[in-house]
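Residue numbers start from 1 in every chain, and the chains themselves are labelled A, B, ... in the order their sequence lines are given, proteins ahead of strands.
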Amino acid sequence: MPELPEVETIVTGLQRRVAGETIDSVWIGSRRQPLKSSPRVIARALEGKRIVRVHRAGKHIVFDLEAPDAVGGKRSGNYRRGWGHWVVHLGMTGRMVVTEPSVDVAKHTHLIARLASGRELRFIDPRMFGRISVHSAGFDPGGVEPLEVSEDRFIELFRGRKTPIKSALLNQKLLRGVGNIYADESLFRARICPRRRAAAVSRAELANLYHSVREVLREAIALGGSSISDYVDSDGDEGFFQLRHRVYGRESEPCTVCGSTIRRLVIGGRSSHYCPKCQK
DNA sequence: ATACCGACCTGTCAGC
DNA sequence: TGCTGACAGGTCGGTA
């Protein structure tokens with residue numbers, strides 16, 4: 001589901017709705033697939049903590065936590081001092097919703113954080129590709145933020161790489177936050193064929209790509225992300241950027257620029273959509 | 001070091 | 001109706 005614009009939208013909603021809240025208690029489902037630590041470690045890290053801020057790092061949701069009263073704080077462990085980060089990656093189908101406790105618990109709910117206000121923050125993920133972790137030190141997923149990096153540094157990321165430019169865009173250790181939809185859409189706007197070796201893309205073309213990536217991400221954020229099948233933000237609202245997709249999900253439809261038929265091919269195991277005439 | 005590819009999961013939809 | 005296979009917003013880890 002979620003690439004940078006969707007996560008940004010969710011984070012904005014969570015910041016508005018749960019920042020300042022204290023987590024009273026945590027329920028964790030029996031399926032341990034999405035957990036990077038044991039349920040006990042995660043529950044201990046979250047319970048009694050206040051959510052100071054919710055922000056985004058690549059496709060990760062980061063909750064900055066602190067203990068409201070460090071002196072009388074919780075048990076032992078790294079969190080006694082009262083700070084840490086709760087990190088949630090939504091994988092393909094993960095959702096974070098804020099609800100009243102009376103609302104039915106959806107199938108595939110793996111974690112419920114009960115908040116002091118009485119509301120609940122729930123993590124739902126049918127495919128269980130999402131991940132939940134807690135960190136006592138700072139959290140850095142690696143890679144650079146596309147909306148913060150300079151043009152020069154962006155161009156440097158691809159130097160000498162033999163992998164297809166599409167695969168390089170998806171590599172979170174280089175650029176973080178761009179996923180399959182926005183990689184395809186950015187390459188279309190920059191008129192670059194997704195199969196091209198990254199190293200073979202000229203400096204001028206990479207400069208175009210830099211601006212295309214940022215333009216696509218900004219537009220998508222403004223529209224609340226792309227809702228393909230079931231994506232909704234933390235308020236349950238859908239995004240609208242899917243209406244602006246020019247290649248993604250448009251196989252065999254006409255190119256919006258030249259009318260040629262949009263093609264789909266698999267690159268690095270991922271579906272890739274492009275216009276064979278516009279993209280060289 | 002780098003790059004490909006199957007594995008990890010459930011759900012949905014098209015085709016027969 | 002129901003079965004099968006392809007496909008889905010993402011990342012890992014093993015292998016070449």
A.B. asks: Regarding A:Phe241, tell me which of base, sugar-phosphate or nothing describes its non-hydrogen contacts under 4.0 Å with the strands shown.
C.D. replies: nothing
A.B. asks: Can you check whether A:Phe129 stacks with the C:dT11 base, using ring centres under 5.5 Å and planes within 30°?
C.D. replies: no
A.B. asks: Does any N or O in the side chain of A:Gln172 come within less than 3.5 Å of the main-chain N or O of A:Gly177, such that one atom is a donor and the other an acceptor?
C.D. replies: yes
A.B. asks: Sequence neighbours excluded, which residues qualify as salt bridge (Lys or Arg N to Asp or Glu O under 4.0 Å) partners of A:Arg250?
C.D. replies: A:Glu253
A.B. asks: Output the pairing pattern of DNA chain B as a dot-bracket string, 5' first, Watson-Crick or G-U wobble with both distances under 3.5 Å, | for cross-strand pairs, [ ] for crossing pairs.
C.D. replies: .|||||||.|||||||
A.B. asks: Tell me which residues in residues 260-270 of chain A lie within less than 4.0 Å of DNA chain C, going by non-hydrogen atoms.
C.D. replies: A:Arg264, A:Arg270
A.B. asks: How would you label the contact of A:Ser271 with the nucleic acid (heavy atoms, under 4.0 Å): base, sugar-phosphate, or nothing?
C.D. replies: sugar-phosphate
A.B. asks: I'd like to check the side chain to side chain contact (heavy atoms under 4.5 Å, CB included) partners of A:Asp235; sequence neighbours left out, ordered by chain and number.
C.D. replies: A:Arg16, A:Arg17, A:Asp233, A:Asp237
A.B. asks: Say whether, by atom type as modelled, one donor and one acceptor occur between the side chain of A:Gln15 and the main chain of A:Val11 under 3.5 angstrom.
C.D. replies: no
A.B. asks: Can you tell me which residue pairs pass the salt bridge (charged side-chain N to carboxylate O under 4.0 Å, His left out) test with a partner in residues 262-271 of chain A, sequence neighbours excluded?
C.D. replies: A:Glu251-A:Arg264
A.B. asks: Considering only the P atoms, how many Å lie between C:dA6 and B:dG6, rounded to the nearest integer?
C.D. replies: 13 Å
A.B. asks: Any side-chain N or O of A:Lys59 under 4.0 Å from OP1/OP2 of C:dG10?
C.D. replies: yes
A.B. asks: What nitrogen or oxygen pairs link the protein and nucleotides 11-13 of chain B at under 3.5 Å?
C.D. replies:
from, atom 1, to, atom 2, distance (Å)
B:dG11, OP1, A:Lys107, NZ, 3.2
B:dG11, OP1, A:His108, NE2, 2.6

